[in-house]
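Here's the structure, in C-alpha cells; my notes come after.
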Amino acid sequence: MKTIRLFFFLSVALVALSWFSDTSNGENKIARSGPKSKTTLYKSGNSPVKLKSIAAEARLFVKDKKFNESICFLINLSLPSGQNRFFIYDLAKDTVQAAGLVAHGNCFENWLEGRRYSNVVESGCSSLGKYKIGNSYNGRFGYSYKLYGLNETNSNAFERTVVLHAHTCIPASAITDDICQSNGCPMVSPGFLLDLKKIINQSEKPLLLWIYE
C-alpha cells in the first residue's frame with residue numbers, strides 16, 4: 001500500500017512539474033512576439049513641458065506656412081505605444097483637445113524593439129518630422145489621407161506611401177501592453193480616425209501633423 005501511495009504522489013509531482021514547464025515556455029513565446037511596455041526603452045519626452053514646447057513651435061510654423069492656425073496633430077513616439085500619444089492639439093487654447101493610440105513602424109521586422117527611424121523608400125520605418133495632410137482616398141486600408149513630408153527626415157513620405165489610416169488591431173483606448181506595429185504609417189483605431197476625419201475634412205487650410213520624440 002505504501003508503495004502504491006508513493007508511486008501516486010511521484011506521478012502527481014511529475015505532471016505538475018511538466019505543466020509548470022509548458023506554461024513558462026508559453027509565456028516566454030508570447031512575450032517575445034509582443035513585448036510588454038512595462039520594460040520601456042523610450043526617452044522621457046512625455047512631460048507637459050515638452051508638449052507645450054512642440055506646440056509653441058507648431059504655432060509659429062502654421063502661421064508662417066498658412067496652415068490651419070487653430071488646430072494641429074502631434075505624435076510623441078517617445079511614449080509606449082499602449083499609451084495615448086496622438087494628440088489633437090488646440091493651438092488657440094494651447095491645450096490637448098483629445099488623444100488616441102497610434103502605431104509606429106516596425107522597419108519590416110517581426111517585432112521592432114525600441115525605435116528606429118528612416119526616410120528610405122521600402123524601409124518600413126517611421127519618419128520623424130512635420131507633415132502636411134493631403135487629400136483623402138480609399139486604399140488598401142480603407143479611408144486614408146496622403147501625407148507630404150516637409151523635412152529632410154521625412155521628405156520621401158509620399159513616395160513611400162506613408163499615409164494616415166486606421167486598422168482594427170489598434171484598440172479604442174489605452175492598454176498596459178504595446179499595440180501592433182505598422183510599416184511606417186501613423187496608424188490609428190477606426191473610431192479615432194472618424195474623429196480626425198471630422199477635423200480634417202472641415203478644415204479650409206492644410207493641417208499640420210508632426211511626429212517627434
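Counting from 1, the numbers follow the sequence of the chain as shown.
In this structure, the side chains of L196 and I88 come closer than 4.5 Å at one or more pairs of heavy atoms. Using a 4.5 Å cut-off on side-chain heavy atoms (C-beta onward), F87 and I75 make no contact. Taking the side chain as every heavy atom from C-beta outward, L150 and F61 approach each other to under 4.5 Å. At a threshold of 4.5 Å between non-hydrogen side-chain atoms, the residues I179 and I175 count as touching. I200 is listed as a side-chain neighbour of L164, based on a closest heavy-atom distance under 4.5 Å. Looking at heavy atoms from C-beta onward, H104 lies out of side-chain contact with Y117 at the 4.5 angstrom threshold. Put simply, the side chain of L101 does not reach to within 4.5 Å of the side chain of F192, judged on heavy atoms. Contact check for K146 versus K132: no side-chain heavy atoms found under the 4.5 Å cut-off.
For the 3.5 Å distance criterion, the side chains of S78 and N76 qualify, holding a donor opposite an acceptor.
Under a 4.5 Å side-chain heavy-atom cut-off, the cluster of Ile, Leu, Val, Met, Phe, Trp and Tyr residues that includes V163 is completed by Y137.
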Apply side chain to side chain contact (heavy atoms under 4.5 Å, CB included) to F141 and M187, showing your working. CA-CA 10 Å; F141 297 105; M187 189 168 72; 5.6 Å; no
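Residue I71 forms a side chain to side chain contact (heavy atoms under 4.5 Å, CB included) with just one option from L91, L208, L207, and that option is L207.
For residues 90-99, every residue pair satisfying the salt bridge (Lys or Arg N to Asp or Glu O under 4.0 Å) rule, not counting sequence neighbours, is listed here: K52-D94, R59-D94. Residue pairs meeting the side-chain hydrogen bond (donor to acceptor under 3.5 Å, both in side chains) criterion with at least one member in residues 193-204, sequence neighbours excluded, are N68-S203, Y143-N201, Y145-N201. Legend: side-chain hydrogen bond (donor to acceptor under 3.5 Å, both in side chains) pairs involving residues 154-165, not counting sequence neighbours, sorted by first then second residue: N119-S155, S123-R160, S127-R160. Judged as a disulfide (SG to SG under 2.5 Å), the pairs with a partner in residues 134-178 (not counting sequence neighbours) are, in order, C169-C180.
The number of heavy-atom neighbours closer than 6.0 Å to CG of N138, taken from other residues, nucleotides and ligands shown, is above 12.
Nearest heavy atom pair, residue A103 against residue S182, reads CB-N, 4.1 Å.
Applying the ring pair (Phe, Tyr, Trp, His ring centres under 6.0 Å) criterion to Y89, with sequence neighbours excluded, gives no partner residue. Partners of E109 under the salt bridge (Lys or Arg N to Asp or Glu O under 4.0 Å) rule, at least two apart in sequence or in another chain, are R116. In terms of the ring pair (Phe, Tyr, Trp, His ring centres under 6.0 Å) criterion, residue partners of Y148 (sequence neighbours excluded) are, by chain and number, F158. Qualifying salt bridge (Lys or Arg N to Asp or Glu O under 4.0 Å) partners for E57, counting only residues two or more places apart in sequence or in other chains: K130. In this view, Y131 satisfies the side chain to side chain donor-acceptor pair (under 3.5 Å) rule with no residue, not counting sequence neighbours. For C72, the disulfide bond (SG atoms under 2.5 Å apart) criterion is met by no residue, not counting sequence neighbours. Taking F73 as the reference, F86 meet the ring pair (Phe, Tyr, Trp, His ring centres under 6.0 Å) condition, with sequence neighbours excluded.
A continuous path of hydrophobic side-chain contacts links V62 to V96 [ILVMFWY only; heavy atoms under 4.5 Å].
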